[in-house]
Amino acid sequence: MVNQSFPLGFLLLGFSEHPGLEKILFVVVLTSYLLTLVGNTLIILLSVLDPRLHSPMYFFLSNLSFLDLCFTTSFVPQMLANLWGPKKTISFLGCFIQLFIFLSLGTTECILLTVMAFDRYVAICQPLHYATIIHPRLCRQLAAVAWVMGLAQSIVQTPPTLHLPFCPHRQIDDFLCEVPSLIRLSCGDTTYNEIQLAVSSVIFVVVPLSLILVSYGAIAWAVLRINSAQAWKRALGTCSSHLMVVTIFYSSVIAVYLQPKNPYAQKRGKFFGLFYAVGTPSLNPLIYTLRNKEVKRAFRRLLGKEGDSRES
């Protein structure tokens with residue numbers, strides 16, 4: 001057990017037990033990262049430049065897109081370097097920064113998706129009072145709460161995790177520095193850290209997911225009472241994109257953080273973790289653009305403006 005090994009950093013094993021798979025994953029991760037950069041940047045630009053998208057829904061969506069950009073950029077370059085070359089190391093400082101950002105932004109996304117579900121609930125169940133309830137000041141406050149809670153969670157959980165007595169080999173059986181893999185690397189007592197991880201998982205995963213389910217349950221009940229095909233169509237059009245994102249995000253999060261303790265689950269969790277970290281941020285803009293007529297119209301208007309400016 002050597003805390004003195006901190007300055008020497010860690011060895012990220014990733015998928016090194018499958019050398020042939022690493023080159024394939026390199027292409028997949030690079031493609032997903034490029035899609036994430038282009039798609040989320042486009043959503044932010046449209047939300048800022050198009051006045052018709054200056055609404056609470058797109059304010060929260062642009063926050064989510066900015067979060068995904070920061071989230072993937074915090075670890076994907078390191079992952080690509082590890083997948084392509086023989087060097088799999090990461091410094092202690094690099095591991096600290098990666099863990100801190102990963103925890104902070106992952107928690108923020110959980111809260112932000114809950115806020116977006118509340119926004120959809122008010123839009124469908126209280127349409128006449130929507131502008132009064134979801135006003136710009138409340139939007140800024142809710143977004144700030146999500147970011148601050150993510151930061152607070154990372155401040156609380158990162159130091160105890162990196163102060164564990166790690167085994168001398170310093171081999172992290174993962175593709176990035178994450179709490180479960182760092183706990184497994186410890187050769188000492190991890191009871192406190194495991195309790196902390198369980199409590200934080202309940203607070204920032206189970207509780208937000210429960211609130212989202214309650215919101216959508218209330219939406220479904222409100223639409224059922226109306227008993228109108230038009231109401232169902234409107235509800236699906238308003239909520240389908242967010243519901244798909246929530247389903248993909250929380251399925252992968254639960255697979256990573258609430259998995260049983262056995263070698264098979266850990267190996268399987270590594271692939272779920274890769275999808276959670278790389279796949280989800282690239283799918284979010286695709287879901288919101290392909291299934292959202294307003295975003296597609298805004299994109300066409302943006303291209304039209306660019307065309308006019310070139311002609312002039």
Side-chain angles (χ1 to χ4, degrees), residues 39-40 42-68 108-150 204 207-251 280-281 283-302:
N40 286 292
L42 179 62
I43 286 177
I44 293 170
L45 286 175
L46 292 176
S47 300
V48 171
L49 297 177
D50 196 309
R52 300 184 192 185
L53 298 186
H54 291 177
S55 66
M57 175 181 171
Y58 294 103
F59 171 76
F60 294 129
L61 181 56
S62 60
N63 269 265
L64 181 64
S65 294
F66 178 70
L67 183 149
D68 284 338
T108 301
E109 185 160 1
C110 291
I111 307 300
L112 200 55
L113 289 173
T114 308
V115 170
M116 293 172 76
F118 172 69
D119 171 68
R120 295 299 82 207
Y121 163 76
V122 177
I124 293 176
C125 298
Q126 303 287 335
L128 299 179
H129 303 285
Y130 179 75
T132 307
I133 298 173
I134 311 293
H135 50 80
R137 184 182 175 187
L138 179 64
C139 291
R140 291 191 294 270
Q141 290 172 341
L142 290 173
V145 166
W147 287 94
V148 170
M149 288 184 73
F204 296 112
V207 171
L209 179 58
S210 301
L211 292 174
I212 290 171
L213 293 176
V214 168
S215 297
Y216 277 108
I219 290 171
W221 177 248
V223 174
L224 282 171
R225 284 192 301 172
I226 298 173
N227 196 21
S228 164
Q230 187 65 28
W232 271 108
K233 185 178 179 181
R234 179 173 174 268
L236 284 173
T238 305
C239 300
S240 59
S241 297
H242 180 256
L243 195 56
M244 285 181 66
V245 169
V246 166
T247 302
I248 294 170
F249 176 79
Y250 274 101
S251 297
T280 307
L283 288 176
N284 288 352
L286 289 175
I287 292 170
Y288 276 108
T289 52
L290 294 177
R291 297 185 61 84
N292 193 305
K293 293 180 181 179
E294 290 181 343
V295 173
K296 287 191 280 190
R297 290 194 200 105
F299 182 60
R300 286 195 289 267
R301 285 193 294 268
L302 181 63

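Only this structure's heavy atoms are used, side chains among them; waters, hydrogens and symmetry mates stay out.
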Could you check if a side-chain atom of [X] sits within less than 4.5 angstrom of a side-chain atom of [Y], using non-hydrogen atoms only?
X      : Y      : value
His242 : Leu113 : yes
Pro285 : Leu42  : no
Trp221 : Cys125 : no
Tyr130 : Asp119 : yes
Val245 : Ser241 : no
Glu109 : Asp68  : yes
Ile248 : Ile287 : yes
Asn63  : Trp147 : yes

ask   = Would Val295 and Tyr58 satisfy side chain to side chain contact (heavy atoms under 4.5 Å, CB included), going step by step from the backbone distance to the final call?
value = CA-CA 9 Å; Val295 173; Tyr58 294 103; 3.6 Å; yes
From [atom1] ([X]) to [atom2] ([Y]), nearest 0.5 Å:
X      : Y      : atom1 : atom2 : value
Tyr121 : Ile134 : OH    : CD1   : 10.5 Å
Leu45  : Ser47  : CG    : OG    : 9.0 Å
Ile133 : Gln126 : CD1   : CD    : 5.0 Å
Ile44  : Leu64  : CD1   : CG    : 9.5 Å
Phe66  : Asn40  : CZ    : CG    : 11.0 Å
Arg52  : Arg297 : CZ    : CZ    : 9.0 Å

Ignoring hydrogens, what is the shortest heavy-atom contact between [X] and [Y]? Give both atom names and the distance.
X      : Y      : answer
Leu112 : Ala146 : N-CB, 4.2 Å
Thr247 : Ser251 : O-OG, 2.5 Å
Cys139 : Phe59  : O-CE2, 3.4 Å
Ala298 : Leu53  : CB-CD1, 3.6 Å
Met149 : Ile111 : CE-CD1, 4.2 Å
Tyr250 : Pro208 : OH-CB, 3.4 Å

query = Checking side-chain contact (heavy atoms from CB on, under 4.5 Å) against Tyr216, which of Ile212, Leu213, Val214 comes through?
reply =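 Only one of Ile212, Leu213, Val214 forms a side-chain contact (heavy atoms from CB on, under 4.5 Å) with Tyr216, namely Ile212.
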